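What you are looking at is a predicted structure, and each value in this text was computed from that prediction instead of being measured. The sequence lines fix the lettering, A, B, ..., with proteins before strands; numbering per chain opens at 1.
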There are 2 protein chains.
Amino acid sequence: MRVTIRDVARAAGVSVTTVSRALNGAQDVGEETRQRVIEVAKQLNYRPSHVARSLVLRKSQNIGLLVSDFRKGGHHFLYDVLVGVHDTLAEYGYDVTLVSTDTARQQLVSYVDFCRARGLDGVIVTGIRLDDPYVEEVVESTLPSVVIDLPLLSRHCGYVMTDNVNGARYAVRRLVSRGCRRIGFVNGAAHAAVSRERLRGFEEAVRQYVGVYDDRLVVYGDFTLEGGQRALAELLARAPDVDGVFFASDLMAIGGLQHCRAAGIRVPEDLAVVGFDDIDLARFVTPALTTIAQPRYEMGCEAAKMLVHMLEKGEMPSGTLLPPQLVVRETA
Amino acid sequence: MRVTIRDVARAAGVSVTTVSRALNGAQDVGEETRQRVIEVAKQLNYRPSHVARSLVLRKSQNIGLLVSDFRKGGHHFLYDVLVGVHDTLAEYGYDVTLVSTDTARQQLVSYVDFCRARGLDGVIVTGIRLDDPYVEEVVESTLPSVVIDLPLLSRHCGYVMTDNVNGARYAVRRLVSRGCRRIGFVNGAAHAAVSRERLRGFEEAVRQYVGVYDDRLVVYGDFTLEGGQRALAELLARAPDVDGVFFASDLMAIGGLQHCRAAGIRVPEDLAVVGFDDIDLARFVTPALTTIAQPRYEMGCEAAKMLVHMLEKGEMPSGTLLPPQLVVRETA
DNA sequence: TTGCGTTTCCAAAACGTTTTCGGTTATAGT
DNA sequence: ACTATAACCGAAAACGTTTTGGAAACGCAA
């Protein structure tokens, strides 16, 4: 059936030991036998079994991508992260298998046990929140992991996220440079770590660039389109003189845009708007949304890179912030 | 280190054979010992090694998701398919590992060898085209596979795709019911299988619903935004009297919308438009795009289901068409 | 007592690798 | 000629499971 190392050994007239050595580039095998083995292996189209190899080596060259909100129609975010992770992991010779918290939960096992049963060497965690029951597991477990978009740091757990405070700063700087002086902030869910950071950046920046900070100008829209509409309406009711607003997500910003159209508010003349994320939609809505782009793909790459460094070089996990980028379109 | 079946056996005072049997629900083990073994296993938090199991069983309960255009910012299509695949595969107890044609190609192995080396039980193939070098491999190989969005059928290879000809029919039916009589078609890339089918559906439907068919009303925009703009311009130049147009993708349709705005054409009053895909953007552009929705998630589910039926029940692969759905918004 | 079937259990082989430890040559040094 | 060293190679154990082919114990009929 399958062609094994034994078949190659037989065909090449050597032992399996020698075949293994020859193919893996070990040193103590004669150059001519090595060539012969390689030749024979190619002839037979021999592919070493990753499974057998994993068993004996006790590592699988396989890492899990844990996603905790794996829903259809879901996250614009996840896809780019996923291909970033896959690309760089493939480069390092690792496979990636999908792990959903739902299926783990359904089987009543912790996700760590889930990964261990499959012999995964490590895991990249996406989509979890501060109040998630999983965060404890992530930081406690000895399974090497790196978390995306949540600052969790421990002996075996690093993180990578975008520099949210600077992102927020860029946003208000842009608004100020366009002449805005009363700047509002529609933040996302209050318990999200990113919300806290964006708020901090926002506050720092308005203190620095406009001088006076008024915390009644921040409202919450919990990251949804409708939330954005509602929040902007509330903000405007509270302070009709705001001339610019920063939304903590593009989706909310688009909701805000819809409110503006309905209310006859001209964007950007009456009200300048900048979002956060740079989702696909942003360039297509009218007026096109200026926003702070998150380096989604790069976050995936960086997370993957950190994980294999931990695995192969024994590096300590760390926290890395990736720079966001202002992309200027029509709304500010 | 790791707790193995041997540890459980020792702790329960039985042989490993008995532990294996007890845990896997085999018949010849006493009820009381079974309970004891289960109890001990739980106590020790024992998880059978999937790797070891795969080795001896010669199947991994792991299937590959082959994607051939895995790029950042990529396919809206892929994500939903992916979660559909993952969801139903998880239900059946399978894992899914990502396989990109790029990495396989980079390692100079056929993707089948790639999968075999990893012991994957089967593979779901997405994103390949008729002129792809992989199609031969897919149909020839004995690795069970099911292809999404390309009608490839052989001994070990089935497919699932959306019913494109009916999708096209729905589109023109809608257009006709709004009073359109001169209907144009902006098709995608000519070599794509889906393009052929949509064209067929288009022609059949206009023959049926409006009577006269004019093949000068079909142009090609190769699935891009710019292509859609260009193609619509060309179509309008060729036949200024068209009052409705069906685009073979939402992206092209949106391009068309942009052209209309630039040219001062009112949609849907002067020109009715229906797209294909129902991408996220569709509901956000103005006017909101009427379109034919593809059941992306369901395609993933269906593909997964077919594959495990092939694997577990020895069913023959088949071709299944999933019904698309007209979603009416503002452009038609 | 013997024979036979059932039930419950186990020892050992197998799956396809890597690696340890040692063995055989050939080469070189005295 | 004898030893020391190096270079090359192989037998066998290990990784953690499942499964095969019996074996022990027991009951029951002859």
Heavy-atom pair of closest approach, residues Glu136(B) and Glu140(B): O-CG, 2.7 Å
Ser141(A) and Arg116(A): side chain donor to acceptor below 3.5 Å: no
Steps toward side chain to side chain contact (heavy atoms under 4.5 Å, CB included) verdict (Leu23(B), Tyr46(B)): CA-CA 11 Å; Leu23(B) 262 26; Tyr46(B) 167 68; 3.7 Å; yes
Separation of dT17(D) C1' from Arg58(A) CZ (nearest whole Å): 14 Å
Spacing of Arg6(A) atom CZ relative to dA14(C) atom P, expressed in whole Å: 10 Å
Residue pair Thr17(B) / Ser20(B), side-chain donor-acceptor N/O under 3.5 Å: no
Interatomic distance, Gln27(A) CD vs dT18(C) P [rounded to whole Å]: 14 Å
Value in whole Å for how far the P atom of dA13(D) lies from CG of Leu55(A): 17 Å
Side-chain N or O of Thr4(A) closer than 4.0 Å to phosphate OP1/OP2 of dG16(C): no
Whole-Å distance separating the CG atom of Leu23(B) from the P atom of dG16(D): 16 Å
Flag for Glu137(B)-Ser110(B): side-chain donor and acceptor within less than 3.5 Å: yes
Rounded interatomic separation in angstrom, taking CZ from Arg2(A) and C1' from dT17(C): 10 Å
Length of the line joining Arg47(B):CZ and dC15(D):C1', which is rounded to integer Å: 20 Å
Touch class at under 4.0 angstrom, heavy-atom based, for Val51(A) against every strand present: nothing
Protein-to-nucleotide contact annotation, 5' to 3' order, nucleotides 18-23 of chain D [B base; S sugar-phosphate only; - none; under 4.0 Å, heavy atom]: SBBB--
Residue pair Asp113(B), Arg47(A): steps toward the salt bridge (Lys or Arg N to Asp or Glu O under 4.0 Å) verdict: CA-CA 7 Å; Asp113(B) 285 342; Arg47(A) 309 280 164 203; 3.3 Å; yes
Helical bend (five base pairs per end, nearest 10°) for the helix from dT1(C)-dA30(D) to dT30(C)-dA1(D): 70°
From dT17(C), dG10(D), dC10(C), nucleotide with atom closest to Thr18(A) side chain: dG10(D)
Verdict with reasoning, Tyr134(A) to Arg129(A), per side chain to side chain contact (heavy atoms under 4.5 Å, CB included): CA-CA 9 Å; Tyr134(A) 284 99; Arg129(A) 295 279 152 89; over 6 Å; no
Sugar-phosphate, base or nothing in reach of Ser54(A), heavy atoms under 4.0 Å: nothing
Pair Gln35(B)-Glu31(B), side-chain donor/acceptor within less than 3.5 Å: yes
Length of the line joining Arg36(B):CZ and dC9(C):C1', which is rounded to integer Å: 11 Å
Tyr159(A) versus Asp149(A), side-chain donor and acceptor atoms under 3.5 Å: no
